[in-house]
Q: 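I have a structure I would like to understand better, so I am pasting it below and will then ask my questions one at a time.
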Amino acid sequence: MNNDGKTVGLQIGGTVGPNDKVGMHVPIPVAPSVGVKVQLGDELDNAAKEVAANIPDNHPKAVEVRKIVDEILLEKDKESKLKKTQKLVIIGAGITQIAVGIGKITKLLGF
């Protein structure tokens with residue numbers, strides 16, 4: 001089988017080849033008056049901690065990911081916490097070592 005860099009969707013629990021590109025699609029509601037209930041409690045904090053713990057120290061984004069996780073854990077204002085969490089999802093998209101944690105956060109955000 002020839003595997004020269006095909007683009008694949010991320011499947012939690014699946015495998016990705018060394019030449020594959022991984023992306024994350026997050027649908028955004030476009031209809032007016034559509035609301036999303038966002039869970040910003042302990043589940044979010046635990047998933048963020050999991051992300052920080054699972055990114056390898058030698059990953060180029062490790063410092064940035066851990067910094068934003070620390071900010072999320074300290075943030076008291078719900079709107080600011082949500083913005084920081086969305087930033088974490090954007091930074092973490094495609095980093096396979098933290099895919100499970102990012103998937104949990106994405107689900108908690110209602111996507």
Q: Are Val65 and Leu73 in one and the same hydrophobic cluster, where Ile, Leu, Val, Met, Phe, Trp and Tyr link if side-chain heavy atoms are under 4.5 Å apart?
A: yes
Q: Taking Asp70 first and then Lys84, would you say they form a salt bridge - that is, a charged N and a carboxylate O separated by under 4.0 Å?
A: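 Salt bridge: no.
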Q: When you check the gap from the basic side-chain N to the acidic O, do Lys61 and Glu64 get nearer than 4.0 Å?
A: yes
Q: Heavy-atom distance under 4.5 Å between the side chains of Lys81 and Asp45, does that happen here?
A: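 Yes. Closest side-chain heavy atoms under 4.5 Å.
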Q: Determine, stepwise, if the pair Gln86 / Val89 fulfils side chain to side chain contact (heavy atoms under 4.5 Å, CB included).
A: CA-CA 5 Å; Gln86 290 169 333; Val89 169; 5.6 Å; no
Q: Could you see if Val63 belongs to whatever hydrophobic cluster contains Ile55? Use Ile, Leu, Val, Met, Phe, Trp, Tyr and a side-chain cutoff under 4.5 Å.
A: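 No, because Val63 and Ile55 fall into different hydrophobic clusters, even though each may have its own neighbours under 4.5 Å.
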Q: Check Gly101 against Ala47 and note the closest heavy-atom contact, atom names and distance.
A: O-CB, 4.2 Å
Q: Show the nearest heavy-atom pair for residues Leu88 and Ala48, with the distance to one decimal.
A: CD2-CB, 4.5 Å
Q: In the structure I gave you, are the side-chain heavy atoms of Ile102 and Ile95 within less than 4.5 Å of one another anywhere?
A: no
Q: Below 4.0 angstrom, N of the basic side chain to O of the carboxylate: do Asp77 and Lys83 qualify?
A: no
Q: Please determine which of Leu109, Thr85, Leu82 meets the side chain to side chain contact (heavy atoms under 4.5 Å, CB included) test together with Leu44.
A: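 With Leu44 as partner, side chain to side chain contact (heavy atoms under 4.5 Å, CB included) holds for just one option, Thr85.
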Q: Any idea which heavy atoms bring Pro56 and Ala62 closest together, and the distance?
A: O-CB, 3.4 Å
Q: How long is the span from the CD atom in Glu75 to the CD1 atom in Ile72, to the nearest 0.5 Å?
A: 9.5 Å
